[in-house]
Q: 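Could you have a look at this structure, given as structure tokens, before my questions?
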Protein chains: 2
Amino acid sequence: MTEKHKRARIKDVAELAGVSNMTVSRVLNGVVKVSEEKRIAVLDAVEKLEYKPDSSARRLGGHKSYMIGLLYQDLDVSYVSRFLLNALKSSRDHGHHLIPEEINNDIDNSLQSVINLINITKIDGLILLPPISDNVEILNTLQQHQLPFVRITPDRYLDLSPYISIDDYKVGFTVTEHLIQLGHKKIAHIMGDTEQGTSHLRRKGYEDALNHYHVKVPANYVAQGNYTFDSGVNAAKAILTRDDKPSAIFASNDEMAAAVIVVANNLGIDIPNQLSVTGVDDTQLATTLSPNLTTIRQPIAEMAELAVKIIASNDLNKDSAKALEYRNILDFELIKRQSAISYKMNE
Amino acid sequence: MTEKHKRARIKDVAELAGVSNMTVSRVLNGVVKVSEEKRIAVLDAVEKLEYKPDSSARRLGGHKSYMIGLLYQDLDVSYVSRFLLNALKSSRDHGHHLIPEEINNDIDNSLQSVINLINITKIDGLILLPPISDNVEILNTLQQHQLPFVRITPDRYLDLSPYISIDDYKVGFTVTEHLIQLGHKKIAHIMGDTEQGTSHLRRKGYEDALNHYHVKVPANYVAQGNYTFDSGVNAAKAILTRDDKPSAIFASNDEMAAAVIVVANNLGIDIPNQLSVTGVDDTQLATTLSPNLTTIRQPIAEMAELAVKIIASNDLNKDSAKALEYRNILDFELIKRQSAISYKMNE
DNA sequence: CTGAAAGCGCTTACAG
DNA sequence: CTGAAAGCGCTTACAG
């Protein structure tokens, strides 16, 4: 077939399958029952013709909007912009449009824009990025409006809605295990914000890995941070000015790991030769500073794709009981770079 | 009016204005002449009813796609994600959809996706972010397909298309002038990639500001960088190990300014008390590291909005001669933070 | 379970 | 310069 084919229409599919347009529409939307025989004929025709429904026509003809809202807080977090981009792509693949909306400290105003999204734009559903995933005001509003939503790495209220997450306990365990396997014994931890469950899970993973491998660390080897660079500076100073300095530090995110690098530099501690450091998130910082950070990468593309798919599938509307089936714990990846290396005997 | 109004339709506007749907459509699309009298009646009705054409219906009925492509290279540059978000918002306001597409080193593949955007998605036009703005292969392809496009801060071929830019010469001048006004005399410069015109313009601005204020700096007070953090480290080392150390360094972007901070820390040079540093771009780094960077902020929101408006207006198709009227040089802003302060006599 | 008709809200193409 | 009709590609609502 060298001639250029125009995009197939529902009519072309119907003719090829020997059914009416309506039957094609019903098969594709999957709400009403269609005889198995015709179903298969339609699906075959769809595949043969590479048919994709025109989303403008769908929107115009029906009651669904084919729009998905995305609530985020801070775009400058690289996690957010990457999620956004992947969600944009997935939305396009599913014939939907994505509408990003920033939620900021002006909660009344933010709430209003969410309500507008629901009432005026008539979005079909929402995706919530952390820390919005745990924002009580937002969650209440969505429940009142009975709008389907998917939360990304929520900390709390896990029964409230479908969510997509990684296993933060395992993150802590994996990173710590990696350091142990590199030969480190004196492994300190900089913990994240105590308000977030994630912080505690990572810390627990850290502690359990130490126990599992029978590694004993000095008392008070965990410093408190809150995920900001500045908090990392203070935590790093506290740990690195101790007499029993660690040979490795597992920071609960990249910002705080970056702070460790800067503080160590100032103290004349060579990274990675005298001190290994690891972060979590694989942000831009991880590859900007030197040495590049060993860190954890979340499967952002996969998370975005799944979130869009859940909303686009419309299953949440068809059968609200299904909502709770959508609890997804995805795998993460340990990215080994230059900031963490084998322990060297210095004495 | 407490009752809820449904969104106005073209029919409502037509009735209120006492004309046919077609006349409304023509006024709004502005391609065909309509009598002044009716034009005004229509515009009044549009305003009164807050009418906004339904973009799905437009897409379905007509030949335009109301889609705009956005070509970018590296999403992790905060400039890019912010531009993306603002462009997304503006597109929505103009009833268009934005389709971001990454252009990477696999140029054949990237070119193919641009061609698909043109042939399959049938986008109405494109926005090019730097450094794609100067990518010869992309530019050639777009010209061959005769697709309208707007470039953001291009370096070269300024007659090729509409573009939106800031005055990089003035950036260099402004930053340098600021340092001079703070009392600095020994002001060094870390220049960006020599391949980019921007780097030379900023350097020229730096030199002219020095001349203008009769400030004489030591010879070879410009170090070469290429806009990466690592290049900044080398440049900073070269400058800060000289006998005639500067009291201020104007780095051509934030990454290199951040490198100056790190190097200075290592050398025991206190910033800002012993050394002032400035960057350009106002990236996330500018507010992550301490002290926060004095830097230049580009009017990204305004740029994005304008770019979308130019494509959405369709003027470029109506009258290609108009293309060259769209050369926009927008104002930037000097963001004063803690990394650059008044010169203190130390002796 | 299946289909023919009508309609969504615009624009195009045709007339005048 | 202006309008009535037809059509874009779907879905809804009605029938059977």
Q: In chain order, what residues pass the side-chain hydrogen bond (donor to acceptor under 3.5 Å, both in side chains) check against A:T141, with sequence neighbours excluded?
A: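 Partners of A:T141 by the side-chain hydrogen bond (donor to acceptor under 3.5 Å, both in side chains) criterion come out as none, since no residue qualifies.
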Q: Looking at A:K38, does any N or O in its side chain come under 4.0 Å of the phosphate oxygens OP1/OP2 on C:dT2?
A: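 So the side chain of A:K38 is within the cut-off, an N or O lying under 4.0 Å from OP1 or OP2 of C:dT2.
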Q: Would you say C:dG3 has OP1 or OP2 under 4.0 Å from some side-chain N or O of A:T23?
A: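 It does, given that an N or O in the side chain of A:T23 lies less than 4.0 Å from OP1 or OP2 of C:dG3.
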Q: What string of B, S and - do you get for nucleotides 8-16 of chain C, 5' to 3', if B is base contact, S is sugar-phosphate-only contact and - is no contact with any protein heavy atom under 4.0 Å?
A: BBBSBS---
Q: Can you pull out every salt bridge (Lys or Arg N to Asp or Glu O under 4.0 Å) where at least one residue sits in residues 30-40 of chain A? Sequence neighbours excluded, please.
A: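 Qualifying pairs: A:E36-A:R39.
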Q: Not counting sequence neighbours, which residues clear side chain to side chain contact (heavy atoms under 4.5 Å, CB included) with B:A304? List them please.
A: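 Scan of B:A304 (side chain to side chain contact (heavy atoms under 4.5 Å, CB included), adjacent residues dropped) gives B:F83, B:N86, B:A87.
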Q: For A:S90, give me all partners under side-chain hydrogen bond (donor to acceptor under 3.5 Å, both in side chains), at least two apart in sequence or on another chain.
A: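 side-chain hydrogen bond (donor to acceptor under 3.5 Å, both in side chains) list for A:S90, sorted by chain: empty.
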Q: Side chains of residues 125-138 of chain A: which donor-acceptor pairs under 3.5 Å do they make with residues two or more places apart or in other chains?
A:
from, atom 1, to, atom 2, distance (Å)
A:S133, OG, A:L128, O, 3.0
A:S133, OG, A:I152, O, 2.7
A:D134, OD1, A:D155, N, 3.0
A:D134, OD1, A:R156, N, 3.0
A:D134, OD2, A:D155, N, 2.9
A:N135, OD1, A:E137, N, 3.0
A:N135, OD1, A:I138, N, 3.0

Q: To the nearest Å, how far apart are B:E15 CD and D:dG3 C1'?
A: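 Between C1' of D:dG3 and CD of B:E15: 15 Å.
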Q: Going by ring-ring contact (aromatic ring centres under 6.0 Å, His included), name the pairs with one or both residues in residues 96-127 of chain A, residues two or more places apart or in two chains.
A: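 Pairs touching residues 96-127 of chain A that pass the test: A:Y66-A:H96, A:H97-B:H97.
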Q: For residues 101-113 of chain B, which residue pairs qualify under side-chain hydrogen bond (donor to acceptor under 3.5 Å, both in side chains), counting only residues two or more places apart or in two chains?
A: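 The answer is B:N104-B:S110, B:Q112-B:N116.
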Q: According to salt bridge (Lys or Arg N to Asp or Glu O under 4.0 Å), does anything in residues 11-26 of chain B pair up with another residue at least two apart or in another chain? List the pairs.
A: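 Passing the test, one end in residues 11-26 of chain B: B:K11-B:E15.
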Q: If you write DNA chain D from 5' to 3' in dot-bracket form, with Watson-Crick or G-U pairs under 3.5 Å, [ ] for crossing pairs and | for pairs with another strand, what do you get?
A: |||.||||||||.|||
Q: Residues from residues 40-48 of chain B sitting under 4.0 Å of DNA chain D, heavy atoms only?
A: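 Residues of residues 40-48 of chain B under 4.0 Å from DNA chain D: none.
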Q: Quick one: side-chain hydrogen bond (donor to acceptor under 3.5 Å, both in side chains) pairs with a partner in residues 41-52 of chain A, sequence neighbours left out?
A: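 Output for this query is empty, none listed.
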Q: When you measure from the side chain of A:D124 to the backbone N and O of A:S65, does any donor-acceptor pair fall under 3.5 Å?
A: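 The answer is yes, because a donor-acceptor pair under 3.5 Å joins these two groups.
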